[in-house]
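First the structure, in the form of structure tokens, and then the observations on it.
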Amino acid sequence: MAGLSCGYLRTKKGWLGVTTFTPAQWKAFCDMLNLSELGDNPDLPLGRDRLQDIERIEQQLAPRLKTRTAQQWFTEGRKRKIPIVPVPQMSDLLQDTENKERGAIVPALLDEEEGLTAGSMQRLTLTPPRRGGKVPVPGEQQAIANVRRRLPSPSAACVDAGRPPLDGGRVIEFSMGWSGPLCTRIPADLGADVIKIEAIQRPDWWRGVDRRPAFIEDKMYERAPCFCIMNRNKRGTTLDLTRPRGLALVKRLLAKADIVVDNYSVDVLPKLGLGCDALRALNPQLVKLSMSAFGADSIYRDCRAHGSTLEQGSGLPRVVGKSDLPPVMSHVAFRDAIGGLNGCAAVLIALICARDAGQGQLIDLAQIECMLPFAAPWLTIHSIGPMPPKRYGNRHPQFVPHGCFPCAGEDNWLVVAATDNEMWQSLASLIGRPDWAMDASLNSAEARRSIEDNIENAIEAWTCSRDADQAMFDLHSIRVASGVARHPIDLLQDTDLRSRAFLPQVERPSIAAHLQPSMPIREGIGPYTFRAAVPTWGQHNSEILTGLLELSNSDVAELAREGIIGTTVLCEGPLRQRVRLQDNRPRYCVRKRLSCAMIAARSRVLGESRDGITDRFTWTARKVSVA
């Protein structure tokens, strides 16, 4: 359902993954297909707006897409900065030269058989990972497991004072959405001072992509739940980095930092004068993580991407789901969380190295490569065998039975898996088939595969008349792996999560008290405490500038007057609104204008024309009395 916001569409040859979250992306996609009437329709800028007309929209998109191949549309989409990508087969990934050159696909020795698998995505420049290796046979690494590796000890001050482990560390964050903010939220939860820098002209898009006046005037950008969860325990400041004073201030912050993280397109920070060489000169111990979509040296480095785009481009949707269905996504942005977790692991490793060696380093994290380990089994199978990987749906290549079964009530489901023969026999007896349990010919998953349909029908007959939780408890009592497929809202009442105090209540202006998931990592019996709710727009401007950078209050006021910092999000759109006339008298006037200096600076840094820049800003109109 790509017409809604993201999904898959069939082309002349191959499937195309499409993501159009923002109004600009939707318009560009429609224009590319010569369907400007859809892109210009004021009722269809966002996915939720298109929901009611989705079938009609898809009917218009389908014939246009079939006029070109997925690769041809990808080439055209790159020119227009649209997040689209061909959905590759495993063979496409294995044959891709760049994957091998970057170490995304590496050789693996399985016993005596040579194959290929996913490599490490944590590409630290000074301490690079190994490229491939031998898969150990059972017991081969027993001796290695018994050798304790020396790791840096935590500082005595942290241990004695009971302070969180990253207390005293500082992270500068240039990121938006989910992946970058999640990467930096973990150090924030662990005690680091994380300073989130948002461009005064363009806030984190997870605050909301709707930039129309009503959205801004009601401060809806302060109510976005996802943004609030990913940015807690941080301090927030707004800066115009296209202006010399704004850039000078951020450089002073970077000189005092341990880590800097960005998930922008690879050219954004270098164009601002914050490339790797500049950062190294500012602070030789700085750990710099670049979390671009495809990698800094990739031939696809200029491609626009969301989490959905990169799952689509990872090949995973081709191997999950059922064989007779189109590609299937695991989640609209599954890759974002995976990228954030891998990014955090990489910077913490590099931080240990920096403190040991006194030298920082660059980490080039290509987020699409973070998805490849999930496709690794299929990559390896395809690399050593002639047959294409099989899609199993809810079934499993090794365990029979394995699936998700309906329970009593509406939309209640239970996952059941028999991972060994003992589980199989216990399960068969419980569901009323003791003959299966006693049948020695069914004592292997391969043998049970021949009657898998019958086994699943018998399990479903047993589960469909039972409450999901009770069925799970009955299966647990005989040591059969099972779990209820929970609805997200059910987790708010989950007894286990409550017992671990996993969902504490947090106070936050604009959305009041709400629950947030705590860190799954903990020392002792309780989670790390929440120090602060997510910052409001520009909340810590004065605190950071006067405290950390020692500016005066008058300096801060001057920065605000010049528009280098701010506490109000600006609307987007044309610079001048059309003046409405009534009885030949003006009814509206423009409240603000973009200064010539601001336009010139953004033109130099972003490589856009002055007209193009002014077209991206709407200045809210106010009513004026007319005599």
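Since we're looking at a predicted model, the values are computed, not measured.
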Counting N and O atoms only, with roles assigned by atom type, does the side chain of Arg508 sit under 3.5 Å from a partner on the main chain of Val534, one being a donor and the other an acceptor? yes

Arg223 vs Cys228, side chain to side chain contact (heavy atoms under 4.5 Å, CB included): CA-CA, chis, key distance, verdict: CA-CA 8 Å; Arg223 305 181 190 181; Cys228 291; over 6 Å; no

Considering all heavy atoms of both residues, which atom of Trp178 and which atom of Met230 are nearest to each other, and what is their separation? CD1-SD, 3.5 Å

Close side-chain approach of Arg232 and Asp189, heavy atoms under 4.5 Å: yes

Which pair of non-hydrogen atoms, one from Gly313 and one from Pro88, has the smallest distance, and what is that distance? O-CG, 3.4 Å

To the nearest 0.5 Å, how far apart are CD1 in Ile82 and OG1 in Thr19? 11.0 Å

Taking side chain as C-beta onward, heavy atoms only, is Met329 less than 4.5 Å from Tyr8? yes

Just verifying a value: how many Å separate Phe405 CZ and Cys464 SG, rounded to the nearest 0.5 Å? 11.5 Å

Side chain to side chain contact (heavy atoms under 4.5 Å, CB included) for Arg522 and Arg500? Distances and angles first, verdict last. CA-CA 10 Å; Arg522 54 185 63 190; Arg500 290 176 55 81; 3.3 Å; yes

Assess the residue pair Leu93 and Trp378 against the criterion (side chain to side chain contact (heavy atoms under 4.5 Å, CB included)); give the C-alpha distance rounded to whole Å, side-chain angles, the decisive distance to 0.1 Å, and a yes or no. CA-CA 11 Å; Leu93 297 172; Trp378 291 275; over 6 Å; no

is_close_aromatic(His331, Phe334), centroid dist under 6.0 Å: no

Are any non-hydrogen side-chain atoms of Pro504 and Phe530 less than 4.5 angstrom apart? yes

Could you grab the distance from atom OG1 of Thr69 to atom CH2 of Trp73, nearest 0.5 Å is fine? 9.5 Å

Take Leu414 and Cys404 through the side chain to side chain contact (heavy atoms under 4.5 Å, CB included) test and state the conclusion after the steps. CA-CA 5 Å; Leu414 182 71; Cys404 194; over 6 Å; no

Arg56 vs Asp53, salt bridge (charged side-chain N to carboxylate O under 4.0 Å, His left out): CA-CA, chis, key distance, verdict: CA-CA 6 Å; Arg56 178 181 63 84; Asp53 288 327; 3.5 Å; yes

Between Phe74 and Tyr300, is the ring centroid distance below 6.0 Å? yes

Quick one: closest heavy-atom pair of Asn41 and Asp43, and the distance? OD1-N, 2.8 Å

Straight-line distance of Gln122 CD to Asp364 CG, nearest 0.5 Å: 12.5 Å

Under 3.5 Å, which donor-acceptor pairs do the side chains of residues 316-323 form with other protein atoms, sequence neighbours left out?
unit_1: Arg318; atom_1: NE; unit_2: Val87; atom_2: O; d: 3.2
unit_1: Arg318; atom_1: NH2; unit_2: Val87; atom_2: O; d: 3.2

Can you name the nearest heavy-atom pair linking Leu94 to His382, along with the distance? CD1-CD2, 3.6 Å

Other residues, nucleotides and ligands only: do more than 12 of their heavy atoms fall within 6.0 Å of CD on Glu76? yes

Hey, is the main chain of Ile229 close enough, under 3.5 Å, to the side chain of Arg185 for a donor-acceptor pair? yes

Between Gln367 and Ser292, do the side chains contain a donor N or O and an acceptor N or O under 3.5 Å apart? no

Looking at Ser383 and Leu116, would you say the former's side chain and the latter's main chain have a donor-acceptor pair under 3.5 Å? yes

When you measure from the side chain of Arg50 to the backbone N and O of Leu44, does any donor-acceptor pair fall under 3.5 Å? yes

Is there side-chain contact between Thr117 and Val106, with heavy atoms separated by less than 4.5 Å? yes

Which value, rounded to the nearest 0.5 Å, describes the distance between Met176 atom CE and Phe227 atom CZ? 10.0 Å

